[in-house]
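Following: one structure in structure tokens, then a few remarks.
Computed from a prediction, not measured in an experiment: that's the story for all the values here.
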Amino acid sequence: MATFIKHVFVRIHSAVNSWEKSHSPCRRRGLHRDVEQDELQHTNTNCLSSYYSVFVARLAIMVMLAILIGLLTLLTWHFTKVYTRTSLNALAYGLRYELLQRPVLRMWSILNSTVEITTAQVKLSEYVVRKYSKPENQAQQVELYEVMKDVTWALFASHKALNSITIKYKNGFVQAFHRDPRDNSTYYIYNDLTNYTMAGPYDVNASSSHQGWNDQTIHSNISAIWYREPLDPDTGEKIGKQNAIPPDDLINIAGISQVPYGAPSWHVAVSKFTNSPLLSAAMPVRDAPEGSIVAVVGVTTSLYSVGQLMKELVEFHSGHIYLTSQEGWLLATSSTTPLLRNSSDGPKLMMAVDSQDPVIETGAKWLLKAYGGKPPPNHEVHIEKAKLGNQLYYIDSFFLNLKRLPMVGVLIIPRKYIMGKVDERAFKTLMILISASEMKLRAILISHLDARRKAEASSNYKSQFLANMSHELRTPMAAVESGKLVLEEAEFDMGRELEGLVDMFSVQCKNHNVEIVIDLSDDMPKVVQGDSARVVQIFANLISNSIKFTSSGYIILRGWCEDPHSCNENGNFSLDQKALWPAPKNKLIQQESPEKNSCKDKKVILWFEVDDTGCGIDPSKWESVFESFEQADPSTTRLHGGTGLGLCIVRTLVNKMGGEIRVVKKNGPGTLMQLYLLLGTPVDIPQENYKLKYADHNLKVVLALNGSMGRMILSKWLFKIGVPTWDACEWNELTHILQELFIPSRYAQSLTYECSKVESISKQEMEVSVFIIVVDIGLLNLSTDIWKEQLNFLDLFNKRAKFAWVLNHDTSNAIKMALHNRGHLMMVNEPLYKSKLIQIMEAAIKEKMISLRHGMLGGDTHEFLEIDNVHSDQESSNDSEKSEINTIQVEETRRTLSCSRYGAINNCFLELTEVCSERNKLGANETFPVVNYGDNSQERRIQYVEKAINGKKSLEGVRILLAEDTPILQRVATIMLEKMGAIVSVVGDGVQAVEALQNPLEDGMPTQTKMRDPPPYDLILMDCQMPKMDGYEATKTIRRAEMGTDLHIPIVALTAHAMSSDEAKCLEVGMDAYLTKPIDCKLMVSTILSLTKLQPKS
Amino acid sequence: MAAVAQLQRQFIEYTTSLHNEGYLDDQFTQLQKLQDESNPDFVVEVVSLYFEDSEKLLNNLATALQQKIVDYKQVDSHVHQFKGSSSSIGAQRVATVCVHFRNFCEEKNLEGCVRCLQQLKQEYILVRSKLEALFRLEQQIVQAGGQIPMME
């Protein structure tokens, strides 16, 4: 440093000298100091040289100072920049890590559940096999197989993610269940039992080793006939006849070779039935502990959901994710390119370097090139600047070291996506900019992380995150225990967080047959201050505990607010319970007082309850459940199911938020957890007053929901805000309500003067009110085709009310499509709770307003009348019934008008149901077939259909157009239909089919005559594949022609597809039902009957 | 009369064997049930239609597979049609081969397709001769003045 300064000094000195020489004239005019020096020059030129040196020294010091300051600045800038980069890199790394961690965790949970299911199946099998250990005759052996089939089905049906379960017995017999993920069709597969049992008697003791049997016998034994029978995916009932299938169409059957030393094994397999790789596990079944192997159980699970999750993740964050085995075989990717390649002997796994996705391919090649055959230890790679093509990418890979299936996850993100701004500004020197941009970038990255969380919350698959989530929730245990936990303080919407949580748990609850309900009072503040993640963690732990111990009934999460400054008695909270608690209010005021002035927010006490109908907790343990934390390692707890593990964390967190939690006494079985939290809330956020908001709209709601608790809570709330409500828990109840609400008006037409006045009032009322009918999809009979008929019935009311559907997580697209096609556009996922209902009501109000503005009302009423007329014609019930109904109608109208009190309406409804059942009895007493559409046409029609199927000529007089090109099928179908009494016309292609309908359609009939002059056919049977114009096109054309009219001719598709994956396509183009070839006569008849309007002649 | 009974027994045995060997399935029984006084020759009629149709399809398939550039879509649609008609008369083994055939079609595996066509021809000829034999038996029963027994 010293020499450097010396050097600088010398340089400056000489520079100053030369500068002095050349610039001295002008310098004179300059500085004051120079003038002084000038004077000195004049007075004492002899001292000139000494002055020079003084001047130079001063100057040098100044320059040095300047340089020092400059250096300091540079250093500070450098370190800041380095620090900024490090912290940004850390954040970016965090984001990348989180992105990749999700799919890896998902994979992990799939592995876990597959092994669990396999173990369960083995245990069950062993139990059954040992029970029938020595079958003496064939009957007993068949019984064994029957029992095994039932047991296996139970397990298979309850795990929707499973692809297949197979059991291969020592004697070569195989039983298997298989689910085709493409259309959720389910099959039972088995081979020819007689071939094996006849050949060799079933004797478990014949040989203790398993050398006597091997896999080869199955596949090389051509004489073995394999059968596959379609099953109802829900009930497991056979829904079609078994078909023989060639052996190479089989699913993966686990064989003895997969359990070489009697040890379980697993590997990744492929199947032609799914385009995603499968995880396949195999385990032996022994006849006794340590005994010989009598069967092998195989379970396969699709890895489809992992890829799905990856796709969702990259939708929100650009980039690519893929997961491979250690050897590099692709297991799942975020791209839509295929994961399997076709070869002559079936699909095969694909290496990542062969992927059709260019980024994944180049990324994998890059990794291969960089590391060759020797990947870094643990496969952990974090490359910040990898050049793929023209872009820079981050490449990260993480290793999941599972004992039998090590996996590598790779994440490739364009660098510009995360660090774009940083790279851009790297050359800019201003420190301020850097620090400012650091904040900005930080914000961007944090918002990315947030987006990821939100993406998950909104996703359809979020339920499946549960396994991961609870795992994740347990990890911060160490932090909690060490007391180092710092709570975040940020505003969040408490209601939405909790509702999201309930959404998430609902699937799990549904599978456990438990109803989950959320009941938050209107006084809950919309926004609170606090640590949302930890709040969610509290409730996630409580709810998952409740689920664990509740096998039937319900779980309710209640929440309400207690304003510390008011002394309102809350209805939800009884006095004696409150006495158990130390007054939280005092605590609140104490806490609050010192910071009263500094803080704009006010603190509120939020009360919560998690109420379940589980096995309950012994009162002696009410305290200790929060303390017993014996299992240090969360993973062991996970294996053992865990007992109250989360409660320790929960109490710590609750206390940390200034609250308390305890178990309180409950009337009835189950556990009631009560807690309060002390959270800040912005002062002036006004509460919604729903009562005022909906007062003018004259809302009326029918709640037809399966879950009784959720329905009760919602109807209570609706009552509170003054909306009249009708409840129904099953289909028949709903039909009663609808008919009594809407159809009675038609009786008025045949009635005396006085009553038509009442009718007009009710009609008027109908016009100004917004009628909402909320229907649970579970009310429909989806296991048969009856649901279509049920929808037809609801169509009658479609113009007078708004339907809102509550769907399940597994509601198929075909059903959603069918609802959509019928104009049911409002759909929510279960569970239904207040905020979803508010959405529904607002949408309905909005729609009503729009239709009012467009003057649609008049037209609507007209159409109502039309429908009513039609019904009156068909009405054949006697007069006494009519008048009876009419009095009810009058009474009901009066009540609805005079008071919209919940209780009154409820009473009224009770009376109505009584009357209905009376009328049902009346109907049952009649000897001739009952044809009054008055009370329950749905039921009647079904009855009629059943009767008709049993009768011989059940299609008497039905006019059918058959569009089919193959002469054989033309003949067969025609004979079948004619035998049933139908009148059949045959056409050979789609064009002719359309023509056959067109004339009457284009006749330009006035609208009124439509009903009198119906189309020439009652139904079309349409082959899908035909020359000239195929069935899909023809259907589309017909539906287009029908547009704007009230006509809808039922079209039934005929296809030869073995898989029913085309069903969706059929429904999409507007067909109403679907039949596969060869035609099953009974099924065809029942389908036709369910679709044609039956107008039986009594 | 004994001759009729003999023929009838033979008929039943033969039909059973056809079912057991997988040549025919329930669908054929359904066709037999559809035959009555108003359609006395229904089964023969439909099956002859099937023979006509099949021979046309087999020819079409042979031609399609001999093309320089094989139009697998067209092949597939022929096989699809063949499968539909075969399963409609209950010619189960023919239908099974069609399933294989379609898989090869999907893979665009010419060799597999050609092999399948051979198999298809064989299976078709087999089922045709079996059905013809069955019809001859039927005729003999009718000529002897007997009733064709119903298969359950």
Side-chain angles (χ1 to χ4, degrees), chain A residues 192 194 222-228 240-249 272-273 341-348 952 964-980 1023-1027 1030 1054-1059 1062 1075-1084, chain B residues 20-22 25-31 33-36 38-39 41-54 56-57 76-93 95-104 106-112 115-116 119:
Chain A
D192 193 356
T194 49
I222 305 297
S223 70
I225 302 175
W226 291 79
Y227 295 100
R228 187 174 72 176
K241 68 188 189 66
Q242 75 269 32
N243 274 319
I245 48 166
D248 61 344
D249 259 10
K272 66 169 68 170
F273 289 100
R341 66 186 163 83
N342 278 323
S343 73
S344 56
D345 44 342
K348 287 262 160 28
K952 216 163 177 186
E964 164 67 64
D965 60 322
T966 47
I968 300 129
L969 263 154
Q970 280 183 359
R971 269 311 273 154
V972 175
T974 309
I975 295 289
M976 278 181 179
L977 291 168
E978 281 178 349
K979 275 210 142 188
M980 293 296 163
D1023 185 19
C1024 287
Q1025 296 200 325
M1026 286 186 291
D1030 68 14
L1054 284 176
T1055 83
H1057 292 279
M1059 304 288 164
D1062 283 38
L1075 290 172
T1076 47
K1077 295 173 192 172
I1079 298 167
D1080 183 289
C1081 196
K1082 267 189 188 157
L1083 191 63
M1084 177 169 75
Chain B
N20 285 346
E21 286 161 36
D25 64 14
D26 289 354
Q27 190 64 23
F28 188 75
T29 322
Q30 284 218 22
L31 289 189
K33 281 183 193 159
L34 284 172
Q35 180 165 301
D36 57 15
S38 53
N39 306 288
D41 296 319
F42 174 68
V43 177
V44 177
E45 184 195 335
V46 168
V47 171
S48 333
L49 277 175
Y50 172 70
F51 291 161
E52 256 173 58
D53 196 48
S54 304
K56 193 184 79 208
L57 281 171
D76 187 69
S77 104
H78 288 321
V79 180
H80 181 78
Q81 209 183 334
F82 204 177
K83 185 178 158 243
S85 57
S86 302
S87 59
S88 294
I89 69 139
Q92 197 191 356
R93 282 167 65 149
T96 311
V97 180
C98 287
V99 175
H100 291 283
F101 203 149
R102 295 198 74 195
N103 287 336
F104 285 120
E106 210 173 302
E107 291 170 16
K108 308 209 158 139
N109 179 342
L110 184 61
E111 198 194 318
R115 213 167 52 230
C116 268
Q119 240 175 313

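- Side-chain contact check for Gln81(B) versus Asp965(A): some heavy-atom pair is nearer than 4.5 Å.
- Taking all atoms of both residues into account, the shortest heavy-atom contact from Leu969(A) to Gly84(B) is CD1-O, 4.3 Å.
- Within a 6.0 Å radius of CD in Glu106(B), other residues, nucleotides and ligands contribute 12 heavy atoms or fewer.
- In this structure, Asp25(B) CG and Asn243(A) CG are separated by 7.5 Å, a value rounded to the nearest 0.5 Å.
- Heavy-atom minimum distance, Met976(A) versus Gln30(B): CE-OE1, 3.8 Å.
- If you measure heavy-atom distances from Leu34(B) to chain A, the contacts under 4.5 Å come from both the backbone and the side chain.
- From Asp53(B), atom CG reaches atom OG1 of Thr966(A) across 6.5 Å, with rounding to the nearest 0.5 Å.
- Contacts of Ser54(B) classified as side chain to side chain contact (heavy atoms under 4.5 Å, CB included), with partners at least two apart in sequence or in another chain: Tyr50(B), Phe82(B), Tyr124(B).
- Looking at Glu45(B), the atoms closer than 4.5 Å to chain A (heavy atoms on both sides) all sit in the side chain, from C-beta outward.
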Exercise for the section: Could you walk me through whether Gln970(A) and Leu49(B) pass the side chain to side chain contact (heavy atoms under 4.5 Å, CB included) test, one step at a time? Expected result: CA-CA 10 Å; Gln970(A) 280 183 359; Leu49(B) 277 175; over 6 Å; no
